[in-house]
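Every chain is numbered from 1 and lettered A, B, ... according to where its sequence line falls, protein lines coming before strand lines.
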Number of protein chains: 2
Amino acid sequence: MLNLYKNIIPQLVAVDCAIFGYENEELKILLSHRKLEPGKGNWSLIGGFIQEDESLEDAAERIVLQITGLSNIFMEQVATFSKLNRDPGARVISTGFYALIRIDQYAPLLKVEEYDARWIPVTQIPELVFDHNEIVQKAFEKLQILASIDLVGKALLPEKFTLKQLRSLYESFFQRSLDPGNFRKKIHSLNALERLDEKNTEGSKKGAYYFRFKEDDSERIFNRVIKI
Amino acid sequence: MLNLYKNIIPQLVAVDCAIFGYENEELKILLSHRKLEPGKGNWSLIGGFIQEDESLEDAAERIVLQITGLSNIFMEQVATFSKLNRDPGARVISTGFYALIRIDQYAPLLKVEEYDARWIPVTQIPELVFDHNEIVQKAFEKLQILASIDLVGKALLPEKFTLKQLRSLYESFFQRSLDPGNFRKKIHSLNALERLDEKNTEGSKKGAYYFRFKEDDSERIFNRVIKI
DNA sequence: GCAAAAGTGTTAATTATACACCCATGT
DNA sequence: ACATGGGTGTATAATTAACACTTTTGC
């Protein structure tokens, strides 16, 4: 491969993915057990080295596809982590990503046993290898900011869902309870959802209408961030 | 150096810095002319390859120090850019940073002619090499978000400044005019500044009070981002 | 009928926006 | 005294937040 830059020492480059999903009224993250030394067997994010012919985004998509069976999913960079001794096995520079997937579509390609991947509530994240706890922390903060200025849900909830489910998702994002009435009004004002005629009667006798995200979101309202 | 990971192809890793400063009522960015092929002589961000014994943050600080003479400055990651052919000279993965410096303290260590570094208003950014325009764009967006939720100014303005100057800085961030009266009230409500007894009489006969950032910002108010 | 969750309405507090007005001072 | 930018005040609209109220339906 062409290289006009001589005498530059190349580095090992990897990606680590914080994969979020939503299930049973809880926001969860997919954690696995590390296959390689050092740290073999410990809890870890899913990651891998970048290949010569792919971008970081390509690598992250490849890895998420392997472990979830899903492609074309929502994914964003968190940050790149490069402390000298973050990985005791070698000097590795790793870019963190966070991904949002629908657990109802989760269908891993790899044998689950191989990685022993599990969905863990974000409130119960164990100690992870290397600096992975820091990556998760930053990923969660980015997700919170996103959820603050845009209605996040399409990537995490099933096709149809109740407002209670959406609210409970938001309560997971912000880790606090939200007023049901005010939440409804806020969501409706965003013009992003459409009500179906169908009701979910699991949670109550009256039944709660199902909603889904509009195909056409041209009238959807986003919050400005600018407040000053 | 220890390496437990065999058969992994290492990559060239670099940093590129979008250095912002504020001068004559304008937000500016420090651009240089590229010293190396490919693209030698073209407008470019200031950057360089990461060394074996430093993190990305270390490398960015080193590079900013060389070109501005300043250390301990405000700096944050923008994102990491890794498209396969972003740099025609080789496959280079580059992490973008943005830095905020005070132009009144700017004192480059390297001969300025060597890089031909210049302060260019953000409204007049020329075509840059590779994907540097994209890096600048994302850096500016990050800066806007920061300025939306926190009072940015300490890192860009001189020690003492008038509210008009601060407002003009904010007008540079958001590229729109802000109501003088409402801006004052907003700033005062944030509890971040203290008024000096001194006045600046350059702009008017009456004179405008100088302000500075409080040493103690324990009572300073930050805007929540959470709006839903 | 009543419990329980869904959904609506009312009010107060806060914040944002537009703009009128007063202030100090060099000429 | 008056023009000019600095600085303050006021009226209104929009948003947020707390909480009371009505609706539906299975038991």
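- Regarding B:Phe183, its CZ atom lies at a distance of 19 Å from the C1' atom of D:dG9, rounded to whole Å.
- When each of A:Ala208 and A:Asp179 is assigned the nucleotide of DNA chain C bearing its nearest heavy atom, the one mapping closer to the 5' terminus is A:Ala208.
- As rounded to whole Å, 14 Å separates atom P of C:dG7 from atom CD1 of A:Ile187.
- Relative orientation of the A:His33 and A:Trp43 rings is tilted, given thresholds of 30° and 60° on the angle between their planes.
- The CG-C1' distance, from A:Asn200 to C:dA6, rounds to 11 Å in whole Å.
- Rounded to an integer number of Å, the gap from B:Arg184 CZ to C:dT17 P is 18 Å.
- Relative ring orientation between A:Tyr106 and A:Trp119 is described as perpendicular, the plane-to-plane angle rising above 60° on a 0-90° scale split at 30° and 60°.
- Heavy atoms of A:Lys185 sit under 4.0 angstrom from at least one base atom.
- Listed pair A:Lys186 / D:dT16 meets the phosphate criterion, a side-chain N or O lying under 4.0 Å from OP1 or OP2.
- Between B:Gly203 and B:Gly181, the residue anchored closer to the 5' end of DNA chain D is B:Gly203, taking for each the nucleotide with the nearest heavy atom.
- When atom types are taken as modelled, the side chain of A:Gln77 and the backbone of B:Thr80 share a donor-acceptor pair closer than 3.5 angstrom.
- For the pair B:Arg195 and B:Tyr209, the distance from NZ or CZ to the six-membered ring centre is under 6.0 Å and the angle to the ring normal is within 45 degrees.
- Checking D:dT25, C:dG7, C:dC19 against every side-chain atom of B:Asn182, the shortest atom distance belongs to C:dC19.
- A:Lys206 contributes a side-chain N or O that forms a donor-acceptor pair with the base of D:dT23 under 3.5 Å.
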